[in-house]
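Note that the numbering runs from 1 along the sequence shown for the chain. Treat the numbers as computed from the prediction; the structure is a model and nothing was measured.
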Amino acid sequence: MREVRIALIGGAGWMGKTHALIYASAPVIFGNEPARPILEIVAEATDEIAQKVAADYGARRWTSNWREAVEDPNVDVVDIVTPNSMHLEMAVAAAAAGKHVYCEKPLGLNADETREMVRAVEDAGVLSLVGHNFPHNPIHAVARDMIRAGELGDIVHARVSFNSDFLADEAAPFIWRCDRAAAGSGTLGDINVHLFSLTEYLVGPIAEVFGRMQTVVKERDVVEDASYGSGGGTRTGERRTVDTDDSVHMLATFENGCTGIFDTSRVAHGRKIEISYDIVGRAGSIRWTYDRLNELQVFSANDPVDRSGFKRIETGPSHPYYGAFFPIANIGMGYNEIKAIEVRELVRAATGEAVELWPDFSVAHRIQRYCDATILSDAERRWVDVSEIPE
Ligand SMILES: NC(=O)c1ccc[n+]([C@@H]2O[C@H](COP(=O)([O-])OP(=O)(O)OC[C@H]3O[C@@H](n4cnc5c(N)ncnc54)[C@H](O)[C@@H]3O)[C@@H](O)[C@H]2O)c1
């Protein structure tokens with residue numbers, strides 16, 4: 001049986017656990033062909049964490065030196081799930097060691113970093129994939145196919161939003177997402193990038209942006225072992241300045257002339273994970289929300305006026321990958337199933353199948369240029385053409 005052997009760097013965190021869960025369940029969902037993903041080695045910040053995580057996940061080996069994992073001759077794919085500021089060094093080292101690189105979003109801290117990462121994987125001739133997961137929901141392939149086939153006519157408006165309240169509480173501690181040196185940006189790189197990948201997938205590239213960013217809670221408590229929410233950990237009595245954005249509101253013009261509105265916050269009281277898009281074409285509209293993530297609302301302007309209205313398409317076994325999970329429609333795929341599709345594409349590509357890995361580092365670099373353009377727009381209070389951020 002063929003194996004795709006993974007080095008998971010940062011295994012104990014949220015994404016580490018998610019990726020490990022998918023590797024373990026992938027053979028049950030998809031079978032052993034063309035290969036089975038195997039956790040060859042897990043790297044963590046300390047011996048203690050690495051050893052525990054390797055035992056929990058059933059990894060073959062562990063290390064507290066990530067370079068050892070990257071250079072391991074038994075590893076085919078390096079999977080990077082550490083905080084954003086570590087992605088560049090780890091990804092460049094992985095590519096130089098001839099490994100395929102799977103990295104969580106945002107790919108880097110800024111476009112200078114992501115450009116270097118694109119060069120590293122291109123020079124090494126290895127595959128790359130960035131964990132933008134949400135577009136892998138099969139319902140979005142329906143939406144994209146409709147748009148590409150012209151069923152909605154020319155696309156003229158896209159309104160997208162991602163609101164959450166995970167940092168709305170002022171008592172929620174300082175986490176690495178509040179620190180520009182570790183995260184690059186806040187809501188922009190953490191959350192708004194998901195909207196950038198969704199619109200990139202559905203509408204196409206962005207040409208120009210006008211953005212406003214806000215840091216609403218300017219200082220937070222330093223808490224040992226801090227995690228999400230205000231509970232847990234030990235408060236040290238120290239306070240730390242938050243230098244990343246809590247919200248992003250922006251306008252965009254896409255290359256195809258469509259205008260866009262992006263609305264993102266991590267301090268939006270009462271919104272847990274509220275993601276949605278509303279896309280309008282000259283011949284119809286589509287809309288989708290994460291609260292009903294298995295269905296797409298479609299309006300056709302060609303319907304007779306007395307039959308006109310939104311209809312609902314629900315995902316089912318006729319949509320790619322859905323049938324691997326469930327035999328009948330609308331049972332309900334969730335976050336982990338969608339992440340499993342991302343991993344499935346990686347495994348297929350790593351064994352040489354002609355699968356287009358999307359988004360690869362070059363697409364993620366373009367997305368990072370949208371982020372940098374938004375930061376520049378906010379700083380200079382003007383429209384910024386994405387071409388101002390070097391390719
Ligand atoms: N695609 C998504 O939906 C999604 C969701 C959450 C997070 N993310 C991304 O995943 C990445 C990780 O986020 P998270 O929420 O899992 O973070 P986290 O803080 O929960 O986990 C990070 C892990 O990295 C480990 N680590 C730190 N330094 C290390 C080192 N030198 N060597 C090895 N391990 C080290 C930490 O101990 C920790 O376990 C980020 O880039 C984030 O933006 C993506």
Side-chain angles (χ1 to χ4, degrees), residues 8-20 42-57 62-69 80-90 103-110 113 131 162-194 213-248 264-273 371 375 378:
L8 181 65
I9 308 182
W14 171 18
M15 272 306 102
K17 184 170 191 166
T18 300
H19 287 216
V42 174
E44 251 297 340
T46 66
D47 282 359
E48 194 188 356
I49 306 174
Q51 193 167 9
K52 177 181 176 347
V53 168
D56 289 348
Y57 300 171
W62 58 269
T63 177
S64 56
N65 174 4
W66 63 265
R67 286 190 181 277
E68 191 186 307
I80 302 165
V81 288
T82 47
N84 311 342
S85 58
M86 299 176 189
H87 294 181
L88 170 70
E89 195 182 9
M90 291 171 174
C103 184
E104 265 304 335
K105 48 55 58 179
L107 181 57
L109 298 183
N110 52 52
E113 285 199 3
F162 191 148
N163 282 278
S164 171
D165 67 357
F166 71 91
L167 282 173
D169 184 352
E170 303 215 354
F174 189 97
I175 53 176
W176 63 260
R177 288 171 165 83
C178 302
D179 175 15
R180 193 185 305 161
S185 62
T187 296
L188 180 67
D190 197 26
I191 293 176
N192 206 68
V193 287
H194 285 301
M213 299 160 69
Q214 231 186 328
T215 304
V216 176
V217 181
K218 297 187 180 356
E219 237 186 26
R220 291 187 182 272
D221 285 350
V222 176
V223 173
E224 274 170 28
D225 297 325
S227 63
Y228 293 104
S230 47
T234 311
R235 292 199 182 241
T236 62
E238 276 175 69
R239 301 272 290 167
R240 198 165 157 188
T241 302
V242 175
D243 62 0
T244 60
D245 47 288
D246 287 325
S247 66
V248 182
T264 317
S265 173
R266 63 185 184 188
V267 295
H269 276 299
R271 283 88 179 162
K272 299 310 168 193
I273 292 287
C371 292
I375 292 170
D378 179 58

### Asp221/Arg240 salt bridge by N-O under 4.0 Å criterion
no

### Task
Would you mind checking if Asp246 and Arg266 are paired as a salt bridge, meaning a charged N to carboxylate O distance below 4.0 Å?
yes

What heavy-atom pair brings [X] and [Y] nearest, and what distance separates the two atoms?
X	Y	answer
Asp165	Gly270	OD2-N, 3.0 Å
Val53	Ala12	CG2-CB, 3.5 Å
Leu109	Glu113	N-OE1, 3.0 Å
Asn163	Ala268	OD1-CB, 3.8 Å
Phe174	Thr241	CE1-O, 3.2 Å
Arg235	Pro173	NH2-CD, 4.3 Å

Exam field: side chain [X] to backbone [Y], donor-acceptor pair closer than 3.5 Å:
X	Y	answer
Tyr57	Gly11	yes
His87	Leu107	yes
Arg220	Ile175	no

### Task
Give a yes or no on this: more than 12 heavy atoms of other residues, nucleotides or ligands lie within 6.0 Å of atom CD of Glu170.
no

### Message
Pairing donors with acceptors under 3.5 angstrom, does anything connect the side chains of Thr187 and Asn192?
### Response
no

Output the distance between atom [atom1] ([X]) and atom [atom2] ([Y]), rounded to the nearest 0.5 Å.
X	Y	atom1	atom2	value
Glu68	Thr63	CD	OG1	3.5 Å
Arg180	Asn110	CZ	CG	11.5 Å
Thr215	Leu167	OG1	CG	11.0 Å
Met213	Thr244	CE	OG1	8.5 Å
Arg177	Asp245	CZ	CG	13.0 Å
Ser64	Ile49	OG	CD1	9.5 Å

Side chains of [X] and [Y]: does their closest heavy-atom pair fall under 4.5 Å?
X	Y	answer
Glu89	Trp66	yes
Glu104	Ile80	no
Trp14	Val81	no
Val223	Thr234	no

#### Entry: Residue of the set Leu188, Asp190, Ile191 for which side-chain contact (heavy atoms from CB on, under 4.5 Å) holds with Thr264
Ile191

### Task
Show your reasoning for whether side chain to side chain contact (heavy atoms under 4.5 Å, CB included) applies to Glu224 and Thr236.
CA-CA 7 Å; Glu224 274 170 28; Thr236 62; 4.0 Å; yes

### Query
For Lys218, what residues pass the salt bridge (charged side-chain N to carboxylate O under 4.0 Å, His left out) criterion, not counting sequence neighbours?
none

